[in-house]
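Numbered from 1 within each chain, the chains take letters A, B, ... in sequence-line order. Computed over heavy atoms, backbone and side chain alike; hydrogens, waters and symmetry mates excluded.
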Amino acid sequence: MSRRMKTEYGVFAVVLAVLFVLPLTGAASDNAMRIAFNIALYAVFAQMWNLMCGYAGLLSLGQQMFIGVSGYATAVVCTSYGMPFVLGLLVSGVVSALLALFLSVLLLRMRGLYFAIATWIVSEMIKILFTGWKLVNYAGGMTIRVTPYPTLSQQFMLILALAAASFLLVQAMLRSKIGLGLAAMRDDPDAAAGLGVNIFKMKTLCFTVCGFVTGIGGSIAYLNRLSVFPNGAFAIDWTIAIVFAVIIGGTSTATGPIVGAFVYVLLFNFLSRYAGYSNIILGVIAIAVIVVAPKGIMGTLQNRFKFELFSSTRPSLD
Amino acid sequence: METILQFKNVYAGYGRVQVLADLSFEVKTGEVFGVIGPNGCGKTTMFNALLGLITPSRGEIRFGGADITRKSPDERCRMGIGRTYQVPRPFEHMTVFENVLLAAVYGGRHSEKSGYPVAEAALRRTGLSGKRNLPSGKLTLLDRKRLEIARALGTEPKLLLLDEVAAGLTESEVHDVMALVESLKQDGQTIIWIEHVIETMVKSTDTLMCMSTGTQLLVGEPAAVMDSKEVEEVYLGVEDEADVC
């Protein structure tokens with residue numbers, strides 16, 4: 001490990017430790033904790049969307065399918081069967097991963113916008129399926145009963161741990177053989193295939209990892225929300241928020257999703273007093289950023305000041 | 001010498017347009033096999049069929065004793081078919097070194113660690129060592145051509161396909177590239193080479209195949225192929241006897 005990397009991961013560990021201890025001090029209000037919870041939650045979702053779109057070149061508009069399915073999986077496991085939350089969490093991850101794996105066979109032959117539209121349509125189809133399914137109480141939704149119910153601080157710690165894990169997971173992938181293949185695939189998939197990269201396998205891997213982690217995140221999100229309804233669970237709004245966060249933060253950058261989640265959640269909270277206009281304002285901001293700084297906050301800063309945080313560029317031997 | 005590649009009565013094309021018609025030839029291990037022919041004769045389609053970019057409708061392609069007619073491009077690369085693109089296609093956001101490392105890791109089935117020396121060797125070979133940490137998007141055309149060869153070498157190919165490596169280069173640059181190919185030949189690298197510069201093809205190849213209308217017109221010793229009446233005809237057309245007198 002280079003000195004530079006040691007410093008970066010050192011700072012990462014310190015920041016993480018401080019955030020973990022924060023709720024224990026009791027210094028943060030409930031409202032502050034709620035905001036912190038949401039930032040970490042969106043950091044997880046954004047990290048996974050960035051893996052898909054920023055690194056694997058898969059523009060997904062169907063992240064809500066993983067979140068929704070997980071909300072329901074958690075409700076069925078914990079409420080219907082009275083199992084502990086850990087089990088609901090794991091089942092959510094596995095079910096989402098299997099869903100992604102199954103969809104890979106169907107959707108990964110499509111490229112670009114066709115894939116994007118297909119993921120959205122599949123999400124809508126799943127919503128309709130859940131609305132007409134007796135096991136999940138049709139359109140009436142389900143409550144999530146977990147005993148003992150974790151405090152907000154505990155929930156925050158849980159989602160913070162997942163956010164950190166998802167960041168480290170993506171970093172580990174980029175630093176492994178997979179990262180090389182992804183980078184090549186993003187630049188020129190045909191040339192990458194000509195040099196031995198199995199494109200389908202790479203995409204399936206990313207899609208499945210994304211399903212798994214987004215699913216676990218969705219489970220924790222619904223632990224916090226306590227009830228799940230088809231319309232909310234499978235709403236495209238989830239993906240819009242995630243895409244907003246990644247674009248603002250910086251696509252294809254290591255820290256962009258975290259920065260973007262931070263900006264999105266704070267902005268959303270601030271704009272909640274302008275109900276009805278908030279989405280319009282967010283949309284205008286997103287367009288402005290795309291026009292002025294298409295690489296997002298982190299991408300623009302890195303280009304402007306010639307540095308790259310958590311760079312996975314391979315140094316050659318001298 | 002052992003046969004490494006075999007086309008057996010291959011028919012292939014795009015949709016309903018059939019380009020290759022009953023194409024058969026063999027390449028022996030260690031030889032430089034040149035392919036020439038006028039525009040539209042099917043050279044590139046032959047390459048596409050060999051690389052798995054199109055699937056023949058009839059016939060068989062055998063490589064190293066295995067039937068590869070229906071294998072995917074990435075599988076063929078891992079089996080040992082390395083290629084260069086006529087118009088270079090570097091991964092522009094990756095460094096020169098990473099481009100070649102990728103080839104060694106995926107095509108050459110190395111771990112990243114064992115791929116390092118392979119990539120370094122391919123860069124030295126092609127004279128790119130000094131530019132290894134540059135983003136490959138910043139290279140000149142000559143260096144991009146070199147990178148194409150370096151990447152193909154990174155996959156440690158049993159068979160190297162060169163697709164007009166000299167196209168678009170100045171005369172002295174062509175000379176550089178030719179010297180590189182010559183040194184690969186000295187090392188016993190099996191090469192299939194498409195090129196329009198007939199002079200270099202006659203000099204540098206062991207066997208020359210002239211294609212015409214999707215099939216092999218003549219295969220043999222380069223000078224003999226070039227001197228043949230048939231090859232003259234496909235390139236220059238049939239002379240009208242009446243006009244000569």
Side-chain angles (χ1 to χ4, degrees), chain A residues 1-2 4-5 50 53-57 105 108-109 171-205 250-254 256 294-295 299 302-303 306-308 311-318, chain B residues 47-48 51-53 72-85 87-113 115-117 119-120 123 128-129 131-137 148 151-152 154-157 161 163:
Chain A
M1 210 189 243
S2 71
R4 166 133 192 220
M5 265 173 80
N50 191 35
C53 189
Y55 294 111
V105 181
L108 288 181
R109 312 261 168 219
Q171 287 305 304
M173 284 174 77
L174 295 182
R175 276 168 217 291
S176 77
K177 181 179 162 169
I178 299 163
L180 270 182
L182 285 177
M185 194 172 91
R186 195 173 45 153
D187 272 357
D188 188 336
D190 295 328
L195 289 168
V197 181
N198 187 332
I199 303 291
F200 183 71
K201 207 164 112 186
M202 298 293 282
K203 287 184 173 176
T204 304
L205 177 75
T251 319
S252 318
T253 62
K295 295 188 170 175
Q302 291 186 158
N303 273 10
K306 306 264 180 255
F307 71 101
E308 194 186 350
S311 163
S312 51
T313 300
R314 267 66 169 177
S316 68
L317 306 171
D318 280 314
Chain B
F47 251 34
N48 288 344
L51 288 161
L53 299 172
S72 65
D74 53 296
E75 235 175 320
R76 293 184 201 211
C77 175
R78 291 193 296 272
M79 287 175 81
I81 301 180
R83 73 160 308 178
T84 65
Y85 284 96
V87 179
R89 290 168 75 164
F91 304 118
E92 304 205 349
H93 294 94
M94 297 167 79
T95 65
V96 169
F97 176 72
E98 285 176 324
N99 265 268
V100 185
L101 183 64
L102 171 101
V105 166
Y106 280 91
R109 307 179 140 202
H110 278 281
S111 71
E112 216 172 290
K113 209 172 162 199
Y116 261 69
E120 294 283 0
L123 288 174
L128 283 173
S129 289
K131 293 170 181 154
R132 50 153 87 103
N133 288 325
L134 284 182
S136 63
E148 282 293 327
R151 274 199 321 201
T155 67
E156 299 183 317
L161 309 186
D163 192 358

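The shortest side-chain heavy-atom distance between B/T95 and A/R314 does not fall under the 4.5 Å cut-off. The shortest side-chain heavy-atom distance between B/Y106 and A/L195 does not fall under the 4.5 Å cut-off. Looking only at side-chain heavy atoms (C-beta outward), A/I199 and B/D74 stay at 4.5 Å or farther from each other.
The heavy-atom pair separating B/R151 from A/A191 by the smallest distance is NH2-CB, 4.5 Å. Counting all heavy atoms, side chain and backbone alike, B/R89 lies closest to A/D190 at NH2-CB, 3.4 Å. Taking all atoms of both residues into account, the shortest heavy-atom contact from A/A193 to B/C77 is O-CB, 4.5 Å.
For B/E112, the part lying near chain A is the side chain, with the backbone staying farther off; criterion is any non-hydrogen pair under 4.5 Å.
Counted within 6.0 Å of CZ on A/R109, heavy atoms from surrounding residues, nucleotides or ligands total 12 or fewer; the atom is thus considered open. A 6.0 Å sphere centred on NZ of A/K203 holds more than 12 heavy atoms belonging to other residues, nucleotides or ligands.
Between chain A and the residues B/L101, B/L102, B/N99, the most heavy-atom pairs under 4.5 angstrom are made by B/L102. Most heavy-atom pairs under 4.5 Å with chain A, from the set B/E92, B/R109, B/R83: that is B/E92.
Listed by chain and number, the residues in a salt bridge (Lys or Arg N to Asp or Glu O under 4.0 Å) with A/R186 amount to none (sequence neighbours excluded). By the side-chain contact (heavy atoms from CB on, under 4.5 Å) test, A/R175 is found to be paired with A/M5, A/Y9, A/Q171, A/F310, A/S312, residues two or more places apart in sequence or in another chain being considered.
Expressed to the nearest 0.5 Å, how far CE of B/M94 lies from CG of A/L180 amounts to 5.0 Å.
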